[in-house]
Amino acid sequence: MSKKIQAIRGMNDLLPKDSVLWSKVERIISDLFISYGYKNIRTPVVEKTDTFCRAIGQATDIVEKEMYSWQESNGESLSLRPEGTAGCVRMMIEHNLPREGIQKVFYQGAMFRHERPQKGRYRQFHQVGLEVFGAADAKVDAELMMITHALWQKLGLKNVVLEINTLGSSEARASYKEILVDYFTQHKAQLDEDSLRRLSSNPLRILDSKNPSMQSLIDQAPKLMAHLDAESEKHFEQFKTYLESLNIDYVINTRLVRGLDYYNRTVFEWTTTDLGAQGTICAGGRYDSLVEKMGGQP
């Protein structure tokens, strides 16, 4: 008798008994986004590897060790998408959509990361994304919080908390990185293997470490808030004012940096205590220079 074939570990089947719930959630999300004027898009599951390297950043965990990539016969490197923003930005540039004014779009679909499967973290996972192009004001940051806040209510989710932070401008972040590297270099003996690797490539990610033995070291690290540029400070103050006027509670988490290189200014995470270790249910932020970085107009 031949051996039974099974699905790849970390890539799961959607069974008939679950599909009704799955469809219902997708419909609630889609109807809500459309009601706010967002239009659905679909990008390919496979992109040129460079799309993700340029967008996400060479020194990120995703690019360094989590992408499913391969060489074509012509030598070109292709990858399964590990997230949705890079492909969305590539599409905006390629079809010159921002010339038609502010673009508000959303997508949903399978993403792929080659990591150790665990509860709430799979190799094939499904992501919904909202993206806005051409809006500099903090109003749009707040609008996205308003939409996601409404979504949790529609889905009946409880114990959900909004955590926010600002990463400032790329210039402010670059000078802060130097201060951070100086600080952690002085305490090199206390850094774990992951943090030592990040010290030269992506020092902000050390702040995100979950290693209990490093928490007091991280707590005492210099804060980016103290090194912000004036424009980013003003943007963050406006963002908080909008949230307060919308009655959306928030917590400022100065250690919130997100794992991707393209973010600037606002970053956020919606978290819950109901899911165990993988408590983040929605996250993102601004990426004002990403379109230009990928070859489009600023």
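Between Glu237 and Lys234 there is no salt bridge, since no side-chain N of the basic residue sits under 4.0 Å from a carboxylate O of the acidic one. Ion pairing between a basic and an acidic side chain is recognised when a charged N comes within 4.0 Å of a carboxylate O; Arg197 and Glu193 show no such pairing.
For Phe33 and Phe106, the gap between ring centers is short of 6.0 Å. Taking the six-membered ring where the residue is Trp, the centroids of Tyr183 and His187 are separated by under 6.0 Å.
There is no side-chain donor-acceptor pair under 3.5 Å between Asp219 and Ser216. Residues Gln108 and Asn40 have side chains that bring a donor and an acceptor to within less than 3.5 angstrom of each other. Donor-acceptor pairing under 3.5 Å is lacking for the side chains of Thr185 and Asp182. Side-chain polar atoms of Glu131 and Tyr38 form no donor-acceptor pair below 3.5 angstrom. With no hydrogens or angles considered, no side-chain donor-acceptor pair links Trp270 and Thr280 at under 3.5 Å. Side chain to side chain, Thr266 and Asp141 meet the donor-acceptor criterion of an N or O pair below 3.5 Å.
Residue Glu163 holds its CD atom at 10.0 Å from CG of Asn165, rounded to the nearest 0.5 Å. The CD1 atom of Ile93 sits 8.0 Å away from the CZ atom of Phe133 when rounded to the nearest 0.5 Å. Taking OG1 of Thr51 as the start and CE of Met91 as the end, the distance is 13.0 Å to the nearest 0.5 Å. Atom-to-atom distance recorded for Asp288:CG and His235:NE2 is 7.0 Å, nearest 0.5 angstrom.
Lys223 contributes a side-chain N or O that, together with a main-chain N or O of Ala221, makes up a donor-acceptor pair within less than 3.5 Å. The backbone N or O of Arg27 sits nowhere less than 3.5 Å from a side-chain atom of Ser30 that would complete a donor-acceptor pair. The backbone N or O of Val181 sits nowhere less than 3.5 Å from a side-chain atom of Glu178 that would complete a donor-acceptor pair. With hydrogens and angles ignored, the 3.5 Å screen pairs no side-chain donor or acceptor of Glu72 with any backbone N or O of Glu76. Counting only distance, with no hydrogens or angles, the side chain of Asp137 and the backbone of Lys139 share a donor-acceptor pair below 3.5 Å. For Arg81 (side chain) and Ala110 (main-chain N/O), a donor-acceptor pair under 3.5 Å exists by modelled atom type.
Here the shortest heavy-atom pairing between Gly168 and Leu228 reads CA-CD2, 3.5 Å. For Tyr107 against Ile41, the heavy-atom pair with the smallest separation is CB-O, 3.6 Å. When all heavy atoms of Ala136 and Arg286 are compared, the closest pair comes out as O-NH2, 3.2 Å.
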* Residue pair Glu244, Tyr250: steps toward the side-chain contact (heavy atoms from CB on, under 4.5 Å) verdict -> CA-CA 9 Å; Glu244 284 153 19; Tyr250 62 84; 2.5 Å; yes
* What do the steps show when you test Tyr287 against Val89 for side-chain contact (heavy atoms from CB on, under 4.5 Å), and what is the final call? -> CA-CA 10 Å; Tyr287 48 85; Val89 172; 4.0 Å; yes
* side-chain hydrogen bond (donor to acceptor under 3.5 Å, both in side chains) between Ser169 and Asp229, intermediate numbers included -> CA-CA 7 Å; Ser169 66; Asp229 55 294; 3.2 Å; yes
* **Trace of the side-chain contact (heavy atoms from CB on, under 4.5 Å) decision for Leu196 with Leu191** => CA-CA 6 Å; Leu196 282 169; Leu191 299 182; 4.0 Å; yes
* Would Met145 and Leu246 satisfy side-chain contact (heavy atoms from CB on, under 4.5 Å), going step by step from the backbone distance to the final call? -> CA-CA 9 Å; Met145 299 308 98; Leu246 291 164; over 6 Å; no
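When hydrophobic clusters are built by joining Ile, Leu, Val, Met, Phe, Trp and Tyr residues whose side-chain heavy atoms come closer than 4.5 Å, directly or via intermediates, Ile164 is not grouped with Tyr242. The hydrophobic cluster containing Leu155 does not contain Val161, counting ILVMFWY residues as joined when their side-chain heavy atoms lie under 4.5 angstrom apart, directly or transitively. Two different hydrophobic clusters hold Val267 and Val251 under the rule that ILVMFWY side chains link at heavy-atom gaps under 4.5 Å.
The residue from Leu157, Ile28, Val25, Leu130 that alone fulfils the side-chain contact (heavy atoms from CB on, under 4.5 Å) condition with Leu151 is Ile28.
Other members of the cluster containing Trp70 are Ile8, Met11, Val45, Val46, Tyr68, Leu78, Leu80, Phe112, with ILVMFWY side chains joined at under 4.5 Å, either directly or via other members.
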Using residues 122-129 as the side-chain source, report each donor-acceptor pair under 3.5 Å to any protein atom, sequence neighbours left out, with the distance given to one decimal.
residue: Arg123; atom: NE; partner: Glu115; partner atom: O; Å: 3.0
residue: Gln127; atom: OE1; partner: Gly84; partner atom: N; Å: 3.3

